[in-house]
Every structure is written in structure tokens, then in C-alpha cells.
Amino acid sequence: MRLANLCWLSSVVLAAQSFLVVANNETEEVRDEAVKDACSVRLESRGKCEEGGECPFQVSLPPLTLQLPKQFGRIEEVFKEVQNLKEIVNNLKKCCQDCKLQADDNRDRGTNGRLVPGTGALGEAADNRVRELESDVNKLSSDLKNAKEEIDGLHGRLEKMNLVNMNNIENYVDSKMANLTFVVNSLDGKCSSKCPSQEQIQSRPVQHLIYKDCSDYHTIGKRSSETYRVTPDPKNSSFEVYCDMETMGGGWTVLQGRLDGSTNFNRTWQDYKVGFGNLRREFWLGNDKIHLLTKSKEMILRIDLEDFNGVKLYALYDHFYVANEFLKYRIHIGNYNGTAGDALHFSKHYNHDMKFFTTPDRDNDRYPSGNCGLFYSSGWWFDACISANLNGKYYHQKYRGVRNGIFWGTWPGMNETHPGGYKSSFKEAKMMMRPKHFKP
Ligand SMILES: [Ca+2]
């Protein structure tokens, strides 16, 4: 029975080893390999796809070696110990049987009268022999008892080790599988035509270990508007975002929020690059993060606005992309739909599409005589200069002077002249994105 346990354990260890050979691979090594050969990891079809069913696939990974935990060495040792003990027990058993036979034989001879115990020299010798044998048997019996206890102890240790190792192996395999998933995903952009298509990779359930944006959390059933950790690009570290799980079915990753003026938006290039404010209140997510999110999937942009009269309107753009810092976070905005008007494409002269990002300390705008960011106290994709600026100063009521408040040029009545030159601002503004093909 114990031998069978050991055999079973050995086969488990071998199976686990084959898993670990794959799993032990370090992420960095795979990435290095991936740079040399873009197709070192292959996903191949292993048969015909059934109609409406799943297709069997096999992932081929580069050959690897690994260092098993040192406890594995103990298994063989314990196995040998148990075998030795088994041999000892068998010998003892055999010895015991011999002794018993001899003792019976002696007793038989005594009762037959041929040799009467306690009479004459021969009888005494036989007596002594029986006592010797009795003592031997007692000793053997005690040895056997000890051996049994030892075996029980070893068996207990073996079971404990078995349990501990299986837990370790499971945890180890799980963590390495998660690691590998990152690596496989990071390769999806580097594959040649021989590699599996994006659809094939995305159809794998293991893909969902990575949450690229809020829509992935929505897909696994998260329905509360909260902060969640996302990894839009496995090559870059993950970060927190606020997810709107209510508007239009949810799954929105919020990139900007205004609601009470608690955060100053008159900030530097560096601040707008990394982001600032409180994700649950007022904030700018950060241009680098916005770039990664819009790069990871085809995104749409939704802007929600509310004025101080309680009027709520929205603008929806079916394409939204922000380039990287090298390209000055240039914005690409697609077709408009909604109720607030298309202020980002206001006119031929005021058009924020395809404009670079400008901050008070970095002039990338189209206004030749100065810096729009400095003039309007914010970072934004300024033209020369604005038909919209959602990062403007927060005013709690109407204001006069430079129109540096939160501004949306197509808002009803926004451009009308008010007595005394007063300008209206907004109570709340929110910008958020969601994958274009996401179905809530
Ligand atoms: Ca300028």
C-alpha cells in the first residue's frame, strides 16, 4: 500500500516536473528570446474545430531547465528507507516463523515423552534452548514493534511531505501560469503571419487574467463603480483607474473628473504626464496612461457635462486615441454623436482634433503669439486656442474676464453675451473611454 503511494507520488512528481519545466521559465528570459525570435512561442491547432464547439490548441514553448525544490531529494531517500525497513521486517518475520516452528517442535518432542523437560542433562539443555528461543522471540517481537512504530512515523512524514509538496507545486504552477500569460500577451503584437491571430489568442480563457481596462472587469461581472487596477500594456506596470459601471451599461475607464474645484488643473507638463488629483473626486489620469489605454484597444470617448442649472448633456466620439509623449500626446477624435454638441470640431478655425498637448510650461499649440495653456490656465489639446477646454479653472458661479473656466463651446447659450460680460461654467465634467466593440 505504501509502495503504491510512493509510485503514485513519483508519477505526480514527474507530471509536475513537466509542468514546471514550462512554468519555471523566467519572464525576462522569454522576453529576451522573444526579441531574438518573434515566434519562439507558438499556438498550433491540434485538430479540426467542431462546428459551434471549441478548437483544440497546443502551445509550444522553448525547452527549459529548472531547479526543483530541495524536498524532492528527500522523496527518494525516504523511499529507500522504507524499502530497507520492509526488508528488515520480512527477515524478522521469517526468523520469527523459524523460531516458532522450532519451539513447537521441541514442545511436541517433550509431550511425546522422548525428551521430558527438567529431567537429565539433555532435558536441561533443551530447556535452556527453549528459554533462549523465548528470549529471542521476545527480542524480535520488541524489534518488530519498534520497526512498526518507525514505519508508521515514516508513513506519517511521507504523507505530510506529499501534502506540502503538492500544495507547493500547485501554487508554483499557478503563479508561473499567470506569469506566462503575461508573456504570451506581450508577444501578441510581435507575431509574424505564422503566429496565431489576435482572435485566436483572445479566445483563450487564460487571457482574462489580465485586466486591460474597466470593460474587462465588467466582463467578469464587476458592477460597482470603483477603483480597479488595470494593465493595458504588460510591458508597463499596472495602475489604478476609476471605473464607471453605470453609464450606458458601464465598463468605462474614467480619465478626467471635475466636480467641486478641489484639485488645481493649472499644472506642468510633468504633472499632466503622470496624472494628478484624487481618482474618486477630481483628477487627470495622466497622459502616459491615457496613451497606453487608447493604444491597447480601439476606444471611444464619452464626455458628460452638467451646468449649474442641472442640465446634463453628453458627447460621444466613436474613435479616441492619444499618441505617446514623443508625439506630444497628439489627440485623434472620431465622429461625434450626442446631445452636448461637437465642440472639439467646432469649426475650421477651432478644431481640437489632431492637436498636440500644451501645458503652461510647454507650448505645442497653434497660436503663434503665445502659449494657450498659460493664457487659459490648463493643459489641453489647444488649437489657437479653444472651442472646448474641460481642464479650465473651476468656477462655482458665473465669472468675468478671460474665458479660462471649464468650457464647451457648443453648450446651449454658452456663447451668448451676458449682461456685465458674465460667462457660465460647469458644475460637473467627466471624460471616459471604453473599447469600441465592447457590448455591456
Ligand atoms: Ca503657441
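Predicted, not measured: the structure shown is a model, and the values here were computed from it. Whatever order the structure lists them in is the order used to number ligands and atoms, beginning at 1.
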Visitor: Would you indicate whether the side-chain heavy atoms of Val322 and Phe357 approach each other to under 4.5 Å?
Guide: no
Visitor: Does Lys398 count as lying over the ring of Tyr422, i.e. NZ or CZ under 6.0 Å from the six-ring centre, within 45 degrees of the axis?
Guide: no
Visitor: To the nearest 10°, what's the angle at the Ca ion (ligand 1) between atoms O (Tyr367) and OD2 (Asp363)?
Guide: 150°
Visitor: Taking backbone and side chain together, does Arg366 place any N/O/S atom at a distance below 3.0 Å from the Ca ion (ligand 1)?
Guide: no
Visitor: At a threshold of 3.0 Å, where the distance has to be below it, does the Ca ion (ligand 1) have an N, O or S atom of Asn371 nearby?
Guide: no
Visitor: For the Ca ion (ligand 1), find the closest N/O/S atom belonging to Asp365 and write down its atom name.
Guide: OD1
Visitor: Does Arg267 make a cation-pi contact with Phe276, if we ask for NZ or CZ under 6.0 Å from the ring centre and within 45° of the axis?
Guide: yes
Visitor: Do the two ring centres, one from Trp269 and one from Tyr329, sit under 6.0 Å apart?
Guide: yes
